[in-house]
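Everything below concerns the one structure shown next.
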Amino acid sequence: MWKELGLCAAVCIGSISFAAEKASVRTKDFVLRFAKDKIVLSNPKWQDEVVIRKVMFIRSPHFATPTGAEQLTPDSFKVDYKIDVKANPKDTPEKAEALKKSIEAIKLTALCTATDAGAKIEYTLTSPEYKPDGAMIEFNCWSRFKKGGKGDLLKANGKKLRPFTKEGRGTYYLALPGNPNWTSSWAEHAGFRKSGDEYKTTLEFRFAPPEVTGEAVGALFDSKVEAAQPEAGNAPAN
């Protein structure tokens, strides 16, 4: 069931940037919110727990940074991204100028929603020239189970789950949208898929308090949970 929203940006009196800081959805266990240049999963005291930052194309020098948010309903908000390119001193002036100009055709937004069970961040990307096949999404959090070993990933309802956990608080389980083996200490594979003239991907989180472990986690995804190994394949080179 949807829960009460924190202060709605639409009723704030002040600048647009101030209103953007207030985009949020509160549930019984966590708050999903926008804060300056990041999307955050916080505890009910608004302390950061999982932080989602930039989207990086990797196979091209483009990257996208969250820059503002608009409250759509009490249960949702939309985040806008600024597109930029990472400068390369080896590029000719012509190539550098072409890359800067290519930014005009790229657009990224994220629709953020939440329920008591978890949160969704649904990305929509328009990029006519540059494919986001190797794109990675930047994460920061309290801690992460070590990767690559048996038991790190779980599988539920056909999805691979990455746990973000903290003793005494609980665990956020992320249903990985892309290749589980394309991972690092700071990012996960975005897994964008073509949809008409756009690319789409979704980060789906489920929260479990400390007492919910093992097979009980499966109920969060309406499925049996079991250990899963990462798929074969190398992470895209940066």
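Only this structure's heavy atoms are used, side chains among them; waters, hydrogens and symmetry mates stay out.
Annotation: the span from E122 atom CD to S76 atom OG amounts to 10.0 Å, rounded to 0.5 Å. Atoms CG and CD1, on L32 and I121 in that order, are 5.5 Å from each other to the nearest 0.5 Å. A distance of 5.0 Å separates CG in L72 from CD in E70, rounded to the nearest 0.5 Å. With rounding to the nearest 0.5 angstrom, the CZ atom of F164 is 11.0 Å from the OG1 atom of T171. Atoms NZ and SG, on K120 and C112 in that order, are 12.5 Å from each other to the nearest 0.5 Å. With values rounded to the nearest 0.5 angstrom, S60 atom OG is found 12.5 Å from K131 atom NZ.
Contact check for K54 versus M136: no side-chain heavy atoms found under the 4.5 Å cut-off. Put simply, the side chain of K78 does not reach to within 4.5 Å of the side chain of F34, judged on heavy atoms. Using a 4.5 Å heavy-atom threshold, the side chains of I103 and V85 count as touching. The shortest distance between side-chain heavy atoms of V31 and N43 does not fall below 4.5 Å. A 4.5 Å side-chain heavy-atom check between N88 and P61 finds every atom pair outside the cut-off. No side-chain heavy atom of W182 sits under 4.5 Å from any side-chain heavy atom of S184. A 4.5 Å side-chain heavy-atom check between I52 and E138 finds every atom pair outside the cut-off. Side-chain contact check for D29 versus D116: every heavy-atom pair is 4.5 Å or farther apart.
For H189 (side chain) and L176 (main-chain N/O), no donor-acceptor pair under 3.5 Å exists by modelled atom type. A donor-acceptor pair is defined here as one N or O able to donate and one able to accept, closer than 3.5 Å; no such pair exists between the side chain of R162 and the backbone of L154. Between the side chain of R193 and the main chain of G191, a donor-acceptor pair closer than 3.5 Å is present. The closest donor-acceptor contact from the side chain of T73 to the backbone of D75 lies under 3.5 Å. Side-chain N or O atoms of R206 include one that pairs as donor or acceptor with a backbone N or O of L220 at under 3.5 Å.
Nearest approach of A175 to K159, heavy atoms of both residues: CB-CD, 3.8 Å. Residue P44 comes nearest to R26 through the heavy atom pair O-NH1, 3.3 Å, listed as atom of the first residue, atom of the second, then distance. For the pair I106 and I83, the tightest heavy-atom approach, listed with the atom from each and the gap, is O-CG1, 3.5 Å. Taking both residues in full, the closest heavy atoms of A190 and P177 are given as O-CG, 3.3 Å, listed atom of the first, atom of the second, then distance.
Annotation for K200: atom NZ counts as buried by contact number, over 12 foreign heavy atoms lying within 6.0 Å. Counting heavy-atom neighbours within 6.0 Å of K194 NZ, excluding the residue itself, gives a total above 12.
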**Item:** Derivation of the side-chain contact (heavy atoms from CB on, under 4.5 Å) call for V25 and T113
**Value:** CA-CA 7 Å; V25 180; T113 57; over 6 Å; no

**Request:** May I have the step-by-step check of side-chain contact (heavy atoms from CB on, under 4.5 Å) for V50 and V40, ending in yes or no?
**Result:** CA-CA 6 Å; V50 178; V40 183; over 6 Å; no

**Request:** Mind running side-chain hydrogen bond (donor to acceptor under 3.5 Å, both in side chains) on T183 and E188 for me, showing each step along the way?
**Result:** CA-CA 5 Å; T183 186; E188 296 288 353; 3.1 Å; yes

**Request:** Please step through side-chain contact (heavy atoms from CB on, under 4.5 Å) for the pair K155 and L161, ending with a clear verdict.
**Result:** CA-CA 6 Å; K155 184 169 69 174; L161 311 181; over 6 Å; no

**Message:** Could you walk me through whether F30 and Y172 satisfy the side-chain contact (heavy atoms from CB on, under 4.5 Å) test, starting with their C-alpha distance in whole Å, then the side-chain angles of each, then the deciding distance to 0.1 Å, before giving a yes or no?
**Reply:** CA-CA 10 Å; F30 65 90; Y172 291 96; 3.2 Å; yes

**Message:** Walk me through whether E49 and R169 qualify under salt bridge (Lys or Arg N to Asp or Glu O under 4.0 Å).
**Reply:** CA-CA 10 Å; E49 295 183 328; R169 162 65 177 144; 2.6 Å; yes

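Using cut-offs of 30° and 60° on the angle between ring planes, the pair F192 and Y123 is perpendicular.
Proximity of the aromatic rings of F207 and Y173 is defined here by a centroid distance below 6.0 angstrom, and this criterion is not met.
For the side-chain contact (heavy atoms from CB on, under 4.5 Å) with R33, the lone residue among I39, D48, L41 that qualifies is D48.
Pairs engaging residues 50-93 under the ring-ring contact (aromatic ring centres under 6.0 Å, His included) rule: F57-H62, H62-Y130 [sequence neighbours left out].
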